[in-house]
> 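The structure follows.
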Amino acid sequence: MHQVDISVEEKVLRKNLEIAHRNEDFLNKRGITAVDFTGAIGSGKTLLIEDLVEEGKRRGINCAVIAGDAVGFDDYNRFKTHRVVVENINTGKECHLDAHLVEHALERMNLQGVEYLFIENVGNLLCPGDFPLGTHLRIVVVSTTEGDDMVRKHPNIFSLSDAMILNKSDLAVHVGVDINTVISDFLKVAPRGRYFVTDARGKSGIEELADFLFDTNRNR
């Protein structure tokens with residue numbers, strides 16, 4: 001029975017990868033750079049994306065967003081206030097987005113004129129790692145309030161990411177977290193990864209992050 005379970009899992013992952021490649025082709029043909037934001041609940045993914053959408057507007061860049069949640073429309077409604085193209089995905093009992101769900105979301109979206117697509121994955125540091133969505137970049141978001149051992153506890157998602165955002169830097173001193181420890185742990189599992197230290201609410205670090213994301217020649 002155990003061998004059968006492994007076989008089924010392999011088929012699911014293989015099919016997901018096939019659709020992910022299809023999504024990437026779809027985006028490439030339209031000149032859209034897509035970024036998958038993963039991270040635990042409460043890490044600040046939503047606010048970071050909101051900040052980047054507004055920074056994109058200031059730079060004359062059109063962004064769209066896919067909001068992924070188990071249930072509800074809370075994040076979707078927040079993104080809608082920024083007057084950009086937004087699609088909501090509810091996964092129900094699933095703890096991650098997959099390429100198939102994203103494929104259908106892309107089919108429903110009016111992406112004319114869109115240059116960047118930000119995908120907010122379901123709040124989780126485990127499940128999303130095995131399910132690429134067809135994006136050009138994957139960024140994992142953690143906050144200082146989660147402790148300075150998050151990378152050591154969840155190395156897989158960090159090793160599979162292009163960059164890490166350590167958010168809520170303003171709270172580090174209050175929760176006893178050493179920012180340099182988190183950065184050092186990240187570079188051990190992702191030596192070529194980029195990292196950014198941000199305070200999304202205070203807008204600190206957002207411009208540097210935007211410089212990295214909106215450099216199309218590097219990210220495509």
Side-chain angles (χ1 to χ4, degrees), residues 33-59 61-91 95-97 102 105 109 114-125 128 133 135 137-148 150-151 154 157-158 161-175 177 179 182-183 186 193-215 219:
T33 298
V35 185
D36 176 16
F37 287 85
T38 66
I41 295 172
S43 59
K45 299 186 299 297
T46 306
L47 185 54
L48 281 166
I49 293 174
E50 288 180 286
D51 286 344
L52 289 168
V53 166
E54 290 302 317
E55 183 63 27
K57 287 181 181 179
R58 284 189 285 274
R59 301 181 185 208
I61 297 171
N62 295 321
C63 301
V65 183
I66 293 176
D69 265 314
V71 296
F73 290 83
D74 294 78
D75 293 348
Y76 169 82
N77 288 332
R78 283 176 59 175
F79 293 134
K80 286 289 287 185
T81 66
H82 295 272
R83 300 185 182 278
V84 293
V85 176
V86 186
E87 186 65 33
N88 194 60
I89 299 178
N90 283 158
T91 62
C95 58
H96 60 87
L97 294 178
V102 170
M109 299 174 78
V114 170
E115 299 166 83
Y116 279 79
L117 172 65
F118 297 136
I119 301 178
E120 182 184 29
N121 216 313
V122 178
N124 193 293
L125 282 173
L133 306 178
T135 58
L137 289 172
R138 171 184 277 167
I139 297 180
V140 59
V141 182
V142 291
S143 70
T144 57
T145 55
E146 298 170 66
D148 56 16
M150 294 305 291
V151 178
H154 306 281
I157 189 66
F158 291 92
S161 297
D162 300 287
M164 174 189 74
I165 300 173
L166 179 55
N167 193 32
K168 303 184 183 180
S169 59
D170 57 313
L171 299 179
V173 65
H174 301 293
V175 294
V177 164
I179 288 176
V182 182
I183 293 171
F186 171 66
R194 293 288 302 270
Y195 63 86
F196 301 88
V197 179
T198 63
D199 166 17
R201 195 164 297 282
K203 313 306 179 192
S204 174
I206 299 302
E207 188 172 348
E208 181 184 3
L209 174 60
D211 287 343
F212 168 73
L213 288 179
F214 293 136
D215 185 342
N219 296 334

> Scan for salt bridge (Lys or Arg N to Asp or Glu O under 4.0 Å) pairs involving residues 65-78, sequence neighbours excluded, and state none if there are none.
Glu50-Arg78
> Spell out, as yes or no, whether a donor-acceptor pair under 3.5 Å connects the side chain of Glu146 to the backbone of Ser143.
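Answer holds: yes.
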> Less than 4.5 Å apart, any side-chain heavy atom of His96 and any of Asn124?
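Not touching, per the 4.5 Å side-chain cut-off.
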> For Val53, check side-chain contact (heavy atoms from CB on, under 4.5 Å) against everything at least two apart and list the hits.
Ile49, Lys57, Cys63, Val65, His82, Val84, Phe118
> Ignoring hydrogens and geometry, is there a side-chain-to-backbone donor-acceptor pair from Asn167 to Ser43 under 3.5 Å?
yes
> For the side chain of Asp199 and the backbone of Ser169, is there at least one donor-acceptor N/O pair under 3.5 Å apart?
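Not a single qualifying donor-acceptor pair exists.
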> Residues in side-chain contact (heavy atoms from CB on, under 4.5 Å) with Thr135, at least two apart?
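So Thr135 forms a side-chain contact (heavy atoms from CB on, under 4.5 Å) with Ala34, Asp36, Ile119, Leu133.
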> Does Leu213 reach the side chain of Ile139, with side-chain heavy atoms less than 4.5 Å apart?
yes
> Got Asn90 and Phe73 here, is their nearest side-chain heavy-atom distance under 4.5 Å?
yes
> Using the salt bridge (Lys or Arg N to Asp or Glu O under 4.0 Å) criterion, which residues pair with Lys203? Sequence neighbours excluded.
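For Lys203 the salt bridge (Lys or Arg N to Asp or Glu O under 4.0 Å) partners, ignoring immediate neighbours, are Asp51.
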> Name all residues meeting the side-chain hydrogen bond (donor to acceptor under 3.5 Å, both in side chains) criterion together with Arg58; count only those two or more places apart in sequence or in a different chain, and write none if there are none.
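Applying side-chain hydrogen bond (donor to acceptor under 3.5 Å, both in side chains) to Arg58 gives Glu55.
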> Considering residues at least two apart in sequence or located in another chain, which fulfil the ring pair (Phe, Tyr, Trp, His ring centres under 6.0 Å) criterion with His154?
none
> Residues two or more places apart in sequence or in another chain: which of them pass side-chain contact (heavy atoms from CB on, under 4.5 Å) with Leu171?
Thr144, Thr145, Lys168, His174
> Is the side chain of Lys45 donor-acceptor paired with the backbone N or O of Val140 at a distance under 3.5 Å, no angle test?
no
> Can you list everything that forms a ring pair (Phe, Tyr, Trp, His ring centres under 6.0 Å) with Tyr195? Sequence neighbours excluded, please.
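By the ring pair (Phe, Tyr, Trp, His ring centres under 6.0 Å) rule, Tyr195 matches no residue at all.
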> Go through the structure and list residues passing side-chain contact (heavy atoms from CB on, under 4.5 Å) with Asn62, not counting sequence neighbours.
Glu115
> Would you call the rings of Phe212 and Phe196 parallel, tilted or perpendicular, taking 30° and 60° as the class edges?
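Tilted, since the angle between the ring planes falls between 30° and 60°.
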